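First up is the structure itself, then whatever we jot down about it.
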Number of protein chains: 2
Amino acid sequence: MPNIYDVAKRARVSVATVSAVLNDSAFVSADLKGRVETAVAALGYQPNLLARSMAKQRTQTLGMIVPDIANPFFPEVVRGAEDTAHAAGYTLLIASSDNDVKKEEIYLRLFLAKRVDGIILTKAPGRLPVVLQDALAKAGVPIVLLARTVPGFTADVVELDDKGAAYEGVTHLLRLGYRRVGFVGGLRGASTSRRRLDGYKAALRDWKIRLDPALVADGDFRVESGYQAGLALLKARPDAVFVANYLMTVGFMEALRQYRLRCPEDVALVTCDDYPWMDSFAPRLTTIDLPKRDLGAAAAQLLVERMARKQGRPRTVKLKNAMRVRESCGCALRGSTAIAR
Amino acid sequence: MPNIYDVAKRARVSVATVSAVLNDSAFVSADLKGRVETAVAALGYQPNLLARSMAKQRTQTLGMIVPDIANPFFPEVVRGAEDTAHAAGYTLLIASSDNDVKKEEIYLRLFLAKRVDGIILTKAPGRLPVVLQDALAKAGVPIVLLARTVPGFTADVVELDDKGAAYEGVTHLLRLGYRRVGFVGGLRGASTSRRRLDGYKAALRDWKIRLDPALVADGDFRVESGYQAGLALLKARPDAVFVANYLMTVGFMEALRQYRLRCPEDVALVTCDDYPWMDSFAPRLTTIDLPKRDLGAAAAQLLVERMARKQGRPRTVKLKNAMRVRESCGCALRGSTAIAR
DNA sequence: CTGAAAGCGCTTACAG
DNA sequence: CTGAAAGCGCTTACAG
């Protein structure tokens, strides 16, 4: 493949001039500019971005680590980040951590070694080692935290309203008259899980209902954990349940089926997270829609701005949820009082 | 950040020696090796992979273009590719083309300019411009085609058994006694769509049923197109339908709902593509499970092998499907004769 | 076994 | 306005 010297030779100019017309970084006379352009076209020259990155110390590449791209929550997030990043001239390097801090650290170091300009991270539960924090800082590579915050590490963050989501969902159930409302929580150690539990507790408190520990189960955001949580929790005879994400709801439904319990007739359900297919299958789930695409877009945007201006105090963007009332909450059974809120 | 010269200075050796111990590329005496290692540790030195890529003319990075990462078919594919690529020492650059050849070409050129070592491509409908084919060839960057083949471009490819999927699904319906079986096809111009239609036709032919054009509708693999196809197709009163992917099924179900038609009682349905949540919601879909993760893994594997051995005739890997019989096909209504096949 | 030096392909002060 | 040259941080023949 031709390089900038080939172009310079053919155009009978220096490589500096070629570079200047390619990047429009200095005034070049119309004559030379024309010669360079024809040489570029004739040779089919494409600048080597690797070399440019070396010289400019910027790669125009962003690293993004998600727990698992195959969890349907994240593709939409990634797409939001991808579009925003691309519009700003960045390409996305992607990796799944499986919520494993070891794997996460490996990818983080790899991204650092590849000299990404910035990183979007949905942190695996656990701290970010200080040595890594130092390495990040020394390299001047900003991180924006997506969805999950990390104790002992301050950075820009884009958050969902996790507490509000659970609060709103549980309140909806309470308003419909359910009194034994269970809760299937997310991965322990994730700030999102903690806050959703907080929202559940706050809702109960506002309705002066004592929390029954038998009605609370932990999961890890995956299908199997929702199933196991369901098996355990259903023994305590809840009349309704709030499940902290979709995949666990899938597992929970399986547990219901196994107990020959119907939703919403026997156990009503509200869950976090919405998908296009939720209107098409029964029970049509009542959900708190988390703005996935906006989440990714906001993270990329924050990162782009941070890379432009390294100083300045960390910023937090908090996104709003929207409840989608369908059937699984039992609205149709219990009258429409709840909708009138 | 420290570079290799800093390490060399501190260890009182040359950079060549540092490089040799780092890459284990030449014998170095225990003494020098030890000095290098302590210097590396003391400085917290991390090799700059960008510089290494420049020198070695290999980036250990792969580019992957999918139509849309937010289409639930692809995240699983990407995950398969990611894991295989990472195991072989490669990182993944990802981009969504929206099935738009212009966008695709932009990303392809970007990947080329970034000097990826190879590319995994699910081609947008349309040819791959000859100039681009030349650029790819000249750069020595191999492509493996994922799921969709491209006329006028030979490369390694990993395929699904698209024709077999439709054939099997439609045959299942025919066997259950349905005689007016409709077909909602995928994006026009994609080889997968063409072959699924072929499978539909072949099944009808084997059962000596004349194809009724009113029972065939085109889609584009997205929800809305399935809905529109449903609205059109349902007027022709099918008793069953095969839908070429999940997202269009979602739209099709919406059309059914609008016509107040039940599935499977009024219209039975079989579709391509399976997801973990299909057991949990009604109607439980009978599907042809396409091995998404294997698809991605096989593509990455093929690419890794191709990068190691640039010569050799193109290879094609064809993956097998598996039918998952549930409720939407109406098995329960029509007896279990079909299952006995 | 070890090191000096060229080379990968750009950008960017700095002269002129 | 234009060009010679250094520099980005590695690897790799090639001497010695």
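Worth saying up front: this structure is predicted, and the values here are computed from it rather than measured.
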* To do: Check DNA chain C against residues 19-29 of chain A and give the residues with a non-hydrogen atom under 4.0 Å, in numerical order.
  => A:Ser19, A:Asn23
* **Closest to side chain of B:Gln57, choosing from C:dC8, C:dT11, D:dC10** => C:dC8
* **Rounded distance (Å) that lies between atom P of C:dG7 and atom CD1 of A:Ile4** => 18 Å
* What is the distance, rounded to the nearest whole Å, between atom CG of B:Leu49 and atom P of D:dC10? -> 9 Å
* Within-4.5 Å side-chain heavy-atom neighbours: B:Val7 and B:Arg10 -> no
* Asked: Tell me: CG of B:Asn3 to P of D:dC10, nearest whole Å?
  -> 5 Å
* Asked: Hey, is B:Arg35 close enough to B:Asp31 for a salt bridge, meaning N to O under 4.0 Å?
  -> yes
* To do: Inspect the surroundings of CZ in B:Arg222 and state if more than 12 heavy atoms from other residues, nucleotides or ligands are less than 6.0 Å away.
  => no
List, with names and distances, any nitrogen or oxygen atoms from the protein found under 3.5 Å away from nitrogen or oxygen atoms belonging to nucleotides 3-5 of chain D.
from	atom 1	to	atom 2	distance (Å)
D:dG3	OP2	A:Ser14	N	3.1
D:dG3	OP2	A:Thr17	OG1	2.7

* **Where DNA chain C forms stems, i.e. three or more consecutive Watson-Crick or G-U pairs with both distances under 3.5 Å** => C:1-3 with D:14-16, C:5-12 with D:5-12, C:14-16 with D:1-3
* When you look at CZ of B:Arg188, are more than 12 heavy atoms from neighbouring residues, nucleotides or ligands closer to it than 6.0 Å? -> no
* Using whole Å, report how far NZ of B:Lys33 lies from C1' of C:dT2. => 14 Å
* To do: Calculate the interatomic distance between B:Asn48 atom CG and D:dG7 atom C1'; express it in whole Å.
  => 13 Å
* To do: Could you check B:Lys56 against B:Asp31 and say which one's nearest nucleotide on DNA chain C is further toward the 5' end?
  => B:Asp31
* To do: Grab the OH-P distance between A:Tyr45 and C:dG9 for me, whole Å please.
  => 10 Å
* Can B:Asp156 and B:Arg306 be counted as an ion pair, charged N to O under 4.0 angstrom? -> yes
* To do: Please determine if B:Lys33 and B:Glu37 form a salt bridge, counting it only when a charged side-chain N lies under 4.0 Å from a carboxylate O.
  => no
* **Integer-rounded Å distance: D:dC10 C1' and B:Met1 CE** => 14 Å
* Asked: Does a salt bridge link B:Arg109 with B:Glu105, judged by any charged N lying under 4.0 Å from a carboxylate O?
  -> yes
* Which residues pass the side-chain hydrogen bond (donor to acceptor under 3.5 Å, both in side chains) test with A:Asp98, sequence neighbours left out? -> A:Lys103, B:Arg79
* To do: Using a strict cut-off of less than 4.0 Å between a Lys/Arg side-chain nitrogen and an Asp/Glu carboxylate oxygen, indicate whether A:Asp100 and A:Lys102 qualify as a salt bridge.
  => no
* Whole angstrom value for the distance that separates C1' of D:dG7 from CZ of A:Arg58 -> 17 Å
* Just jot down the side-chain hydrogen bond (donor to acceptor under 3.5 Å, both in side chains) partners of B:Asn71, sequence neighbours excluded, or say none. => none
* To do: Would you mind listing every ring pair (Phe, Tyr, Trp, His ring centres under 6.0 Å) that reaches into residues 68-92 of chain A, with sequence neighbours excluded?
  => A:His86-B:Tyr107
